[in-house]
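Pasting a structure here, questions to come.
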Amino acid sequence: MATEEAQRSYNPQIIEKRAQEFWEARKTYQMSQKNREDGPRYSFLDGPPYCSGRIHLGTAWNKIIKDTYLRYKTMAGCNVRRQAGWDAHGLPIEHKVEGLLGLKSKKEIETKIGIENFVEKCREFAIENQGIMTQQFKMLGVWMDWDQPYITFDPKYMESCWWTLKRAHEKDLLVQDLRVITWCPRCETALALAEIDYEDKEDPSIYVKFSLKEVQPGLSENTYILVWTTTPWTLPANMAICVHPDYDYAYVKVGEETYLLAEAMVDSIFGELEYEIIRVVKGSQIEGLEYQHPLSQEIPVQNDFKHVILPGEHVTLTEGTGCVHTAPGHGPDDFEIGKAYGLPIFCPVDEAGLFKEEAGKYHGQFVKDADPYIITDLDTHGLLFKEGTIKHRYGFCWRCKTPIIYLATEQWFLKITQIKNQLLSELDKVEWVPSWAGESRFRNWVENARDWTISRQRYWGIPIPIWTCSDCDEITVVGSLEELVQLSQEKLEGDVLHRPYVDQVKIPCHCGGQMQRTPDVLDVWIDSGVAGWAALYYPKEQKLFEEWYPYDFITEGHDQTRGWFYSQLGCGMIALDSVPYRKVLMHGFTLDEEGKKMSKSLGNVVEPDEVVAKYGADVLRFYLLWANKPWEDLKFNWDEVKNINKMFNILWNVFIFASTYMGLDNFQPTKYGAENVKFRVEDRWITSRVQSVAQEVTKSLEALHLHQATRSLQDFILEDLSRWYVRLIRGRTWIEKDDPDKLGAYQTLYTTLKSVVTLMAPLSPHICEEIYQHLIRPLETYLPESVHLLDWEVDETLRDQKLEADMNVARDIIEACARARDSARYKLRWPVQEIVIVSEDQGILEASQNLEDVLLEQANTKKITPSQEFQDLKIRVLPNMKTLGPRLREDVPRVAAKLSEVDGHELMEKMDAEGIFVVKLDDVNVELRPDDVVLETELPDNVTNSEFPGGNVFVDTQITPEILSEAMSRELVRRIQDMRKDLDLEVEAHIQVNVDCSAEFQGLVKPFLEYISHEVRATEILFQAQDGDYHKKWKIEDHELTVGIKHSV
RNA sequence: GGGCCCGUGGCUCAGGCGGUAGAGCGCACGGCUGAUAACCGUGAGGUCCUGGGUUCGAAUCCCAGCGGGCCCA
């Protein structure tokens, strides 16, 4: 047999396992890379997934996009760099490990287990997950350099990171500063903006009365500034109140008390009370007024400070009172104001979010827990004007989901604000897909960028390579291990770059003192931000860098706007004055069927493994690339996955159809010369179609419009290949021996399938490999050993767009015939005498002539007649009563009777020629003008019709003896085929047939005995009473008969 | 408050450089039976979110609004 045995039905579990084992054993991936060694370089950088657990659907989608595009690029001849990357440091892993070890705080890490063990556990955890996730990616058929990935805890990688920091220092972009930053009290560390998630949160909403110290002329003693806040715990740190200098502020008398607030807010706050505005002043006029801190009894330290009203341009009137509580230790704006006016940066909160001793009564309390006590105390002092709650957006630590707080701390920063303009001009050089991802969304993020807090007070990360001298404040930024050895004059061994070992390395300072490393580690976003050169181990290694940097392509989800797209841009500008990537595809998120985020708490998570177990990796891959535009969010939908599975089933069936028949006939695609093979028009058509599809797919893949590539292929496989071409060649495959006509069909089907598996290989690598291994390679053994080693080719010369258009017309016509027959209840199996194709469009008539053979067979007709009009249409002529009634009166019935005998065609001709038509009655001639008649067309008996775009088909359904004879024969064939199947005979088996029927039926089928024998593979057909063989009773129309068959030996 | 994206049959989505609205699923009806634990056809079902504008013509371009999502403040 020419082709190898294949599974009868599409079984992804088996074929995918087989394909992956084959690739593994034959090192196909490595071969595909080697194959393109001399091709043009195409560099890709894998956005490193974080190794904290199993992959989810979004991660799968991400890698599938990458794999598909890169497989395509490789087939198209490029030498593609596709190293896998892993993000392995940072808080998320620390959290998981803390959980595993039952640790609850930094203190416990340091005292119970020690940094050394903790870091080791983190490393083990990351490596274990890296292994699990690698297996999962491989299961999806993702080809990358899994054996030589970059991973962020690799010392060589870390050195590149250190070098980057050193560059920042050289450019004066690395600074330490006291600033108010976002802080996670759970993780006890600074967070960057990128590490904060925003969600709705319910908080207190209180209006607090701040008592003015001096009594204003004309006002009562009880005068208060009214202030609104949602963070009562920041009140202990209040140092000032800001008002906008240009706004109007009102003194409002309510009962015995007077309140000061923005006039615009008065109504919304006092609306329901009786109040009186007694004076209105500009904000600038109340600057400098002193007030009493409302909690000075609880917080004695506050008595040492002076509290005044300050001007603030940041004050708005959208909410609150227009008088803004200002705590320089707890808010970025507040901090700026504090610095500008020399306020103390009072921050009575420690790193765990607990009030320090300065907070007096609240000492030791967690800030959020102190809210109710503070509110109660305010109330006790009579300083609480109003209390409620508010639901608003609030920031949370992206990993532990603790609400963040603002704290004033000393941190290290990258001064992004200083290079912002360079970042903006650099991002314009990048090609973004879709274009708005860069031009609008990313640009907006960068425009709002602030200085980047890069220090983290944690353990598992790249240590900040900054050594400082406690004696003279000198700092040194170390750019490599070698440099550290040199500077420290120590022999350094082991994992010396990680904590805690690196913490012990001291550098002698020129002042005679000792420099010690700053104990922080780096924000993990720096880890991945430097991937561009760190993955190439630059600057330690030069060659790789020169070959591959910068990267031609990266792709990640839209969350990476603030993440990796940004961190790479920032780090790239600092280290190398350039953005590391040239083209970016920003893809979407995977959501559940309702469009909600997949999350464990909602229980709506769909695991990629689950989909693969049910439908296989190819179906999942194709689905994810098909479901919508890649840059939009994808609502995962099981029904649609099932639908894609159906398409794979059909492709599989076509393959089985091809391999079954080609196998039976021992078909050899290379054996036959041109004289032995006859191609029909449909062969040329499908050959052209497949090239058109190749062109579309190429264009779509290049543009990263992956949904269009998958849709083109799906459409081709279902509509053109399965539903049309296979249907057209059915009859030809049934011919025996090496008939040229059959070989033409085989040859064409074979090359078409070969093209299909080539085009689909990047999208669905497993099924394509399977078909290639079982159908293509056995017949063309000189071909490369894997479909993935083929070249990507499009052959323009095989395209015939006119033919493709004609075929579309033919399909429309055939559909219309089927409709027409259906409406007349005339079976498709029964032939018809003639169909007339009527159209005024010459192109359509030509098409029907060009494809006459296809039409004859598929419309099951003896004759095709293209025509500009349907000659046999009867035209009935009726009198128009509106005009004739008044004119002819009692003559109308006689005229009507005459008209009913008139041939409409004749009347129309006369009218066209002479303008009138004369009806001769016995006594008088009546002249009729066009207005006087109404024409109605009528189909002749035995004709049924249906429209198609651009025309009409008329089907002659008259049953002549010949037609009936053929119809009965076909009916008989179907019964016998049915019985063959009952006996479960081999396709090629021959049978003997015996028909016991009336003489009349025998007479009908007799002229078609040869046809019947051929169709059912009968060696003989007898008409006699049944013996003991397998037989069955049938009723065909009015004929009752018994058919018996047996396997002929 | 700002930026971006999305809004097309019951559902999931194509189309989207302006020219009669498409597919699959689901539903109803029918057909086919050597690709067959398949497959095919027909039908019903749409104010293309709303309102303006540009235009001979708008699902498509522009403006405003409404609704949903993401990001930021």
Identity of whatever pairs with B:G67 - Watson-Crick or G-U, under 3.5 angstrom: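 Matched B:G67 with B:C6 under the 3.5 Å cut-off.
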A:Thr944 to A:Ser823 - nearest heavy-atom pair and separation: OG1-OG, 3.5 Å
G-U wobble or Watson-Crick pairing nucleotide for B:U12 (cut-off 3.5 Å, both distances): B:A23
Sugar-phosphate only, base, or nothing, as touched by A:Glu632 at under 4.0 Å among non-hydrogen atoms: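 Sugar-phosphate, backbone atoms only, no base.
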B:C63 versus B:G69 - spacing of their C1' atoms, nearest Å: 23 Å
Sugar-phosphate, base or nothing in reach of A:Glu815, heavy atoms under 4.0 Å: sugar-phosphate
For B:C39, the Watson-Crick or wobble counterpart (both distances under 3.5 Å):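 Looking at the geometry, B:C39 pairs with B:G31.
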Over-ring placement of A:Arg711 relative to A:Trp626, 6.0 Å and 45° cut-offs: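 Yes, a cation-pi geometry.
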Any donor-acceptor N/O pair under 3.5 Å between B:A35 base and A:Arg730 side chain: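 Pair found.
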d(CG, A:Leu713; C1', B:A14) in whole Å: 15 Å
Atom-to-atom span, CG of A:Asp333 to P of B:A73 - whole angstrom: 11 Å
Same-atom distance (P) from B:G7 to B:C48, integer angstrom: 14 Å
Interatomic distance, A:Trp626 CH2 vs B:A23 P [rounded to whole Å]: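 Atom-to-atom, A:Trp626 to B:A23, this comes out as 14 Å.
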Rounded distance in Å - CZ (A:Arg723) to P (B:U42): 11 Å
Candidate nucleotides B:C72, B:C39, B:C13, ranked by approach to the side chain of A:Trp445 - the nearest: B:C72
A:Gln708 side chain near B:G15 phosphate (N/O to OP1/OP2, under 4.0 Å): yes
Paired nucleotide for B:G46 [Watson-Crick or G-U wobble; both distances under 3.5 Å]: none
Closest listed nucleotide, where the reference is the side chain of A:Asn444 and the choices are B:G15, B:G3, B:C71: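 Closest of the options to the side chain of A:Asn444: B:G3.
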Same-atom distance (C1') from B:G16 to B:C6, integer angstrom: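 To the nearest whole Å, 14 Å.
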Interatomic distance, A:Tyr394 OH vs B:C71 P [rounded to whole Å]: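 In whole Å, B:C71 P and A:Tyr394 OH are 17 Å from each other.
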A:Tyr826 and A:Trp830 aromatic ring geometry - parallel, tilted or perpendicular at 30°/60° bounds: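 Rings of A:Trp830 and A:Tyr826: perpendicular, as their planes differ by over 60°.
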Sugar-phosphate, base or nothing in reach of A:Arg829, heavy atoms under 4.0 Å: sugar-phosphate
Which nucleotide in B:A14, B:U33, B:C71 has an atom nearest any side-chain atom of A:Lys981: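 Looking only at side-chain atoms, A:Lys981 lies closest to B:U33.
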Rounded C1' spacing from B:G67 to B:G24 in Å: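 Each nucleotide's C1' atom is 27 Å from the other's.
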Nearest-Å distance once atom C1' is located in both B:A23 and B:A37: 26 Å
Sugar-phosphate only, base, or nothing, as touched by A:Leu591 at under 4.0 Å among non-hydrogen atoms: nothing
Sugar-phosphate, base or nothing in reach of A:Ser722, heavy atoms under 4.0 Å: base
Given A:Phe589, A:Trp631, A:Trp432, the one that forms ring-ring contact (aromatic ring centres under 6.0 Å, His included) with A:His558: A:Phe589
A:Phe442 and A:Tyr566 aromatic ring geometry - parallel, tilted or perpendicular at 30°/60° bounds: perpendicular
Sugar-phosphate only, base, or nothing, as touched by A:Ala627 at under 4.0 Å among non-hydrogen atoms: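 The residue A:Ala627 makes sugar-phosphate contact but no base contact.
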Candidates B:C71, B:C4, B:A35 - which lies nearest the side chain of A:Ser440: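 For the A:Ser440 side chain, the nearest candidate turns out to be B:C4.
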Separation of the C1' atoms in B:C29 and B:U36, to the nearest angstrom: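 To the nearest whole Å, 22 Å.
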Nearest-Å distance for atom pair OH/P, residues A:Tyr623 and B:U12: 11 Å
Which residue lies more 5' along RNA chain B, comparing A:His558 with A:Glu988 via nearest heavy atoms: A:Glu988
Among B:C39, B:G34, B:C4, the nucleotide that comes nearest once only the side chain of A:Lys646 is considered: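 Selected nucleotide (nearest to the side chain): B:C39.
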Who pairs with B:U54 - Watson-Crick or G-U, where each distance is under 3.5 Å: none
Sugar-phosphate, base or nothing in reach of A:Gln714, heavy atoms under 4.0 Å: nothing
Under-4.0 Å side-chain N/O to phosphate OP1/OP2 contact, A:Lys629 with B:A14: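 Yes, such a contact exists.
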Closest non-hydrogen atom pair, A:Val315 against A:His244: O-CD2, 3.5 Å
A:Asp822 CG to B:G30 P, straight-line distance once rounded to whole Å: 10 Å
Touch class at under 4.0 angstrom, heavy-atom based, for A:Arg980 against every strand present: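 Touches a base.
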A:Pro403 versus A:Tyr394, closest heavy-atom pair with distance: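 What the structure gives for the nearest pair is CB-CE2, 3.8 Å.
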Selected nucleotide, minimal atom distance to A:Tyr661 side chain, candidates B:U12, B:G69, B:A35: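 Taking heavy atoms from C-beta onward, the closest nucleotide is B:A35.
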RNA chain B: 5'-proximal contact among A:Trp436 and A:Arg825 (nearest heavy atom): A:Trp436
Rounded distance in Å between the P positions of B:C13 and B:A73: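 That atom pair is separated by 30 Å.
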Sugar-phosphate, base or nothing in reach of A:Tyr826, heavy atoms under 4.0 Å: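 Contact class for A:Tyr826: none.
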Candidate list A:Trp638, A:Phe648, A:Phe636, test ring-ring contact (aromatic ring centres under 6.0 Å, His included), partner A:Tyr623, passing option: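 The passing option is A:Phe636.
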B:U33 OP1/OP2 closer than 4.0 Å to side-chain N/O of A:Arg974: yes
Same-atom distance (P) from B:U54 to B:G26, integer angstrom: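 Their P atoms lie roughly 46 Å apart.
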Nearest listed nucleotide, side chain of A:Arg441, among B:A35, B:C70, B:G24: B:C70
Nearest-Å distance for atom pair CD/C1', residues A:Glu447 and B:G3: 9 Å
Shortest non-hydrogen separation from A:Arg443 to A:Leu427 and the atoms involved: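 A:Arg443 and A:Leu427 have their closest heavy atoms at CA-CD2, 4.1 Å.
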Sugar-phosphate only, base, or nothing, as touched by A:Glu439 at under 4.0 Å among non-hydrogen atoms: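 A:Glu439: no heavy atom of the nucleic acid under 4.0 Å.
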Candidate nucleotides B:C32, B:U12, B:A14, ranked by approach to the side chain of A:Lys827 - the nearest: B:C32
